[in-house]
J.: 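I have a structure here, written as structure tokens, and I will follow up with some questions on it.
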Amino acid sequence: MSARVALIGARGHTGSELVRLIDQHPQLQLAAAGSRALAGESVGAHYQVDSTLTFEVLAPQSLGARDGEFDVVILALPNGHAAAYVNALSAQRQLPLVIDLSADHRFDDRWFYGLPELTAHRYAGQRLIANPGCYATAMSLALAPMAQDLRDGVACFGVSGYSGAGTSPSQRNDPNRLHDNLLPYALTDHVHEREVSHQLGMGVAFTPHVAPFFRGISMTVTGWLREAGAAEDLADRFANWYAEHPLIVVGEGIPEPRALVGRHGAQIGGFGRGSHDTNRITVVSALDNLLKGAASQAIQNINLGLDLPALSGLTP
């Protein structure tokens, strides 16, 4: 029997990817799709999937009243909107598995932080899972294998396609503003900077930029080793670290965002060591911000929470 999924925020870029991923998942069934803007329209026709559902308005109170109707609830909402839904679901007789794609619960120790390649071994049946941010995923994957050997003060230069700015019009998703351009923003204290620092227990300085391509992230991470000999062969270290995680590809070359579009995982490479400052190392990671940075990772977390095969529904 398929697990019944309610998706709140089905209209956005990530929501559209989730509709398609749920549709192709052998053990999941989309049972409700929430969108105020598309209410009454056909899900199947809008996203070209095999679904007879219509989009509906799923306010917290109405969702909470549908006790026992859903096995999984995905909150694909802007930051600051999850709490009302979580409170409504918590009043039900049995809490469904809740996946929050916003930043609202990534710093809450009552929630499991779901970056499966790094945290799945800590999963203990929690019903509340916080999906990591897209930039944070790219940074964390590039840092984790060497985090214990690095001094604080890691510098991360991230560039994202403009789909990361969402669907609400702004200068960060305006193709005319971005044409032949690069926009740095949130120069200090970006939420993903704090997220990575919190999760990895190290100081990270992150500067995000948005570029004139639609989807993808390139992340260049530069750090300084406590001891110069601590990471003699970076590529081998990373390959061994991710050997049992098929969604993470490690190679010597520098990964490019467009090569990861439509792929569920990430690529790590471009390993560099300073010739004068031998303590300095550089690693590059790339991923699709809408997939491994959001929707595919949510499916990984659903698989984890429902005790399904780790890559179920994530076809190549």
Side-chain angles (χ1 to χ4, degrees), residues 1-78 81-102 104 114 127-129 131 163 166-168 215 262 264 288-309 311-315:
M1 181 177 176
S2 297
R4 299 157 298 174
V5 180
L7 171 59
I8 317 300
R11 184 179 72 92
H13 297 315
T14 299
S16 68
E17 297 293 344
L18 281 164
V19 169
R20 297 184 183 99
L21 288 174
I22 294 167
D23 180 67
Q24 73 183 28
H25 196 296
Q27 287 111 352
L28 300 181
Q29 173 195 354
L30 185 62
S35 170
R36 292 182 183 276
L38 299 177
E41 296 185 26
S42 166
V43 173
H46 193 81
Y47 288 133
Q48 290 77 54
V49 296
D50 184 17
S51 175
T52 59
L53 289 176
T54 57
F55 293 100
E56 57 184 302
V57 177
L58 284 173
Q61 297 82 0
S62 59
L63 182 67
R66 296 165 73 168
D67 195 348
E69 191 171 334
F70 307 113
D71 304 295
V72 180
V73 175
I74 305 174
L75 303 176
L77 297 167
H81 290 75
Y85 286 94
V86 176
N87 290 339
L89 292 168
S90 298
Q92 295 184 348
R93 288 169 296 176
Q94 182 173 349
L95 181 69
L97 182 69
V98 181
I99 311 293
D100 182 10
L101 275 74
S102 77
D104 293 4
R127 305 300 291 168
L128 302 173
I129 298 181
N131 220 57
S163 59
T167 56
S168 298
R215 60 197 294 169
H264 298 301
D288 187 325
N289 58 301
L290 300 181
L291 292 179
K292 182 55 179 170
S296 300
Q297 192 139 264
I299 296 297
Q300 286 183 271
N301 283 319
I302 291 171
N303 290 339
L304 184 65
L306 297 181
D307 197 25
L308 298 174
L311 300 184
S312 185
L314 298 176
T315 54

J.: Is the side chain of Asp71 donor-acceptor paired with the backbone N or O of Val5 at a distance under 3.5 Å, no angle test?
T.: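 Flag not set: sc Asp71 to bb Val5 has no pair under 3.5 Å.
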J.: If we only count heavy atoms from C-beta on, is the Ile99 to Val73 side-chain gap below 4.5 Å?
T.: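 No, side chains not in contact.
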J.: Taking atom CZ of Arg36 as the centre, does the number of heavy atoms from other residues, nucleotides or ligands within less than 6.0 Å exceed 12?
T.: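 Counting other residues, nucleotides and ligands, CZ of Arg36 stays at 12 neighbours or fewer.
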J.: Search all heavy atoms of Leu95 against all heavy atoms of Arg127 and return the closest pair with its distance.
T.: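 Nearest heavy atoms, Leu95 then Arg127: O-NE, 3.4 Å.
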J.: What distance do Leu89 atom CG and Arg66 atom CZ have between them, rounded to the nearest 0.5 Å?
T.: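 Spacing of CG (Leu89) from CZ (Arg66) equals 11.5 Å.
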J.: Only one of Val72, Val49, Ile302, Ile299 clears side-chain contact (heavy atoms from CB on, under 4.5 Å) with Ile22; which?
T.: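 Of the listed residues Val72, Val49, Ile302, Ile299, the side-chain contact (heavy atoms from CB on, under 4.5 Å) partner of Ile22 is Ile299.
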J.: As an exercise, state the distance from CG of Leu290 to CZ of Arg215, rounded to the nearest 0.5 Å.
T.: 4.5 Å
J.: Does any part of the side chain of Leu7, heavy atoms only, come nearer than 4.5 Å to the side chain of Leu30, both counted from C-beta?
T.: yes
J.: Within this structure, what is the OG-CD distance for the pair Ser35 and Glu56, rounded to the nearest 0.5 Å?
T.: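 Atom-to-atom, Ser35:OG and Glu56:CD are 10.5 Å apart.
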J.: Going by heavy atoms in the side chains, are Leu101 and Gln297 under 4.5 Å from each other?
T.: no
J.: What is the distance from atom NE2 of His264 to atom CG of Leu314, rounded to the nearest 0.5 Å?
T.: 5.0 Å
J.: Between Ser51 and Asp23, do the side chains contain an N or O donor and an N or O acceptor separated by less than 3.5 Å?
T.: no
J.: If you take all heavy atoms of Ser102 and Ala82, which pair is closest and at what distance?
T.: OG-CB, 4.1 Å
J.: Say you draw a straight line from CG of Leu306 to CG of Leu28; how long is it, rounded to the nearest 0.5 Å?
T.: 6.5 Å
J.: Hey, does the side chain of Asp67 reach the backbone of Gln92 with a donor-acceptor pair shorter than 3.5 angstrom?
T.: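 No; judged by distance alone, with no hydrogens or angles, the pair does not exist.
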J.: On a heavy-atom basis, which atom in Ala33 and which in Ala10 lie closest, and how many Å separate them?
T.: CB-CB, 4.0 Å
J.: Identify the heavy atoms of Leu58 and Tyr85 that sit nearest to each other, and give their distance.
T.: O-OH, 2.7 Å
J.: Judged by atom type as modelled, is there a donor-acceptor pair below 3.5 Å linking the side chain of Gln27 to the main-chain atoms of Leu308?
T.: no
J.: Will you find, in the side chains of Asn303 and His25, an N or O donor that is under 3.5 Å from an N or O acceptor?
T.: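 Note: Asn303 and His25 side chains meet the donor-acceptor criterion.
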J.: Using distance alone, with no hydrogens and no angle criterion, decide if Asp100 and Asn131 have a side-chain donor and acceptor under 3.5 Å apart.
T.: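 Checked: Asp100/Asn131 side chains show no N/O donor-acceptor pair below 3.5 Å.
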J.: Quick one: closest heavy-atom pair of Leu18 and Ala76, and the distance?
T.: CD1-CB, 4.4 Å
J.: Can you name the nearest heavy-atom pair linking Ala39 to Val57, along with the distance?
T.: CB-CG2, 3.9 Å
J.: Using side-chain heavy atoms (C-beta onward) and a distance below 4.5 Å, is Gln300 in contact with Lys292?
T.: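 They are in contact (side-chain heavy atoms under 4.5 Å apart), so the answer is yes.
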J.: Report yes if the side chains of Asn87 and Pro60 come closer than 4.5 Å at any heavy-atom pair, otherwise no.
T.: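 A side-chain contact is absent here, since even the closest heavy-atom pair is not under 4.5 Å.
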J.: Test side chain to side chain contact (heavy atoms under 4.5 Å, CB included) on Leu97 and Phe70; report intermediate values, then the result.
T.: CA-CA 9 Å; Leu97 182 69; Phe70 307 113; over 6 Å; no
J.: So, are Glu41 and Arg11 salt-bridged, with charged N and O less than 4.0 Å apart?
T.: no
J.: Does the Ser62 side chain pair with the main chain of Ala59, one donor and one acceptor, at a distance under 3.5 Å?
T.: yes
J.: To the nearest 0.5 angstrom, please state how far the CG atom of Asp288 sits from the CD atom of Glu17.
T.: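 Output value for this atom pair is 7.0 Å.
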